[in-house]
Visitor: 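Here it is: the structure, laid out below.
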Amino acid sequence: VWGYRKGQEEMTTQGSYQPVAPAQIAVSNSELNEFGCPTCGYRSGSMPVQMGGTGVWRCGECGGSCYVLADGLQEASFGGSDDGAGYTIPLRARGKADGDEGATGQNEPKAPVEHVPTPGRAQLQPHPRRGTPAHGRPDKRPPGGGEYFDSRGLGMDTGPSCFVCGEDRSGGYSPNISGYVQCKEAGERVVAMFGGKGARLDFRKREPDYVQVKVVSCKPHTPCLEKLHELTRAAGGIIGDEHIIVACGVVA
Ligand SMILES: [Zn+2]
Ligand SMILES: [Zn+2]
């Protein structure tokens, strides 16, 4: 049986590929948006496989997967591979528009025909968490104080001013560290720790659970940024007032 597997570019039934936790159930796209992950209700995730009106959605919180069907579809347009480690997608369905009949290749009229489930394909079902709105990341704070701040290291980015000396940096790129924070509210608290200089919130409506706080410095104060990265990393991805004070003291 020929198939196309996610994770490799060439079409083959063997070879290496990235295994994806196999999805078991299928929910509609509109219910996924409203109620989130069928298992835990989290609203953010990724879609590593998408074809023929069907996607495989992977929850960013619990890691579980489900099929997501374009509204109107009754079953997934592809199924799991025989070994259960990936997905086998019929070649004929590649690149076809939503609602294509897929493996049969026939354009039968849909409306009057009663849906006959295809063996091995997940069937549309009511969302298991109907009635409970999807949720994002909770506004958790570290038990020992401070805020979560997962810095990825030194780079270049835009920011308002140097977090050490307050020099205006709004004209262009500056030395920068960016840290993932728990949520928008937590990010606003982290920005406030810097007392009105050096830090800004990077919040995007489309990705409400991937919020960053960006901190910049002038060039001479780059070692202070590096120190701030080291201190927050050493604290386990946590930032506190004391880290900012120590980092600012690295360069007089
Ligand atoms: Zn989940
Ligand atoms: Zn400075």
Side-chain angles (χ1 to χ4, degrees), residues 19-50 55-69 76 80 122 125-140 151 154-178 180 182-183 191 193-200 207-210 213-232 239 241 243-252:
V20 177
Q24 300 291 336
I25 70 164
V27 298
S28 72
N29 187 51
S30 57
E31 288 211 322
L32 181 75
N33 286 334
E34 194 172 352
F35 307 122
C37 171
T39 303
C40 74
Y42 191 63
R43 66 185 170 189
S44 294
S46 59
M47 207 172 282
V49 187
Q50 196 171 9
V56 174
W57 185 83
R58 187 192 279 166
C59 176
E61 181 72 17
C62 74
S65 297
C66 66
Y67 293 101
V68 188
L69 307 186
Q125 67 168 74
H127 196 291
R129 295 174 60 88
R130 254 187 200 176
T132 307
H135 63 83
R137 296 185 79 183
D139 186 6
K140 279 196 306 192
S151 167
L154 199 67
M156 296 291 283
D157 210 323
T158 57
S161 55
C162 173
F163 86 103
V164 183
C165 67
E167 179 188 285
D168 181 20
R169 302 295 301 175
S170 59
Y173 282 82
S174 303
N176 147 277
I177 63 170
S178 295
Y180 282 107
Q182 193 68 11
C183 62
V191 169
M193 283 177 163
F194 286 84
K197 60 184 179 186
R200 69 180 172 91
E207 299 179 310
D209 296 309
Y210 298 92
V213 168
K214 301 193 163 180
V215 185
V216 301
S217 75
C218 64
K219 290 211 172 68
H221 283 132
T222 307
C224 301
L225 265 184
E226 285 179 297
K227 188 66 178 177
L228 187 61
H229 168 73
E230 286 169 21
L231 291 170
T232 57
I239 190 168
D241 294 326
H243 300 142
I244 299 172
I245 292 166
V246 171
C248 286
V250 167
V251 176

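For ligands, and for the atoms within them, numbers begin at 1 and follow the listed sequence. For this chain, numbers begin at 1 and follow the sequence in order.
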Visitor: Is there a donor-acceptor pair closer than 3.5 Å between any side-chain N or O of S161 and the backbone N or O of G198?
Guide: yes
Visitor: Can you tell me how far CD of E226 sits from CG of L228, rounded to the nearest 0.5 angstrom?
Guide: 11.0 Å
Visitor: Looking at every non-hydrogen atom in both residues, tell me the closest pair between V213 and A199 and how far apart they are.
Guide: CG1-CB, 4.2 Å
Visitor: Any side-chain to backbone donor/acceptor pair from K214 onto I177? Under 3.5 Å, distance only.
Guide: no
Visitor: Can you check the angle at the Zn ion (ligand 1) formed by SG of C59 and SG of C62? Round it to the nearest 10°.
Guide: 110°
Visitor: If I consider every N, O or S atom in H221, which one ends up closest to the Zn ion (ligand 2)? I only need its name.
Guide: ND1
Visitor: Please note down the angle at the Zn ion (ligand 2) between SG of C165 and SG of C162, to the nearest 10°.
Guide: 110°
Visitor: To 10°, measure the SG(C37)-the Zn ion (ligand 1)-SG(C40) angle for me.
Guide: 110°
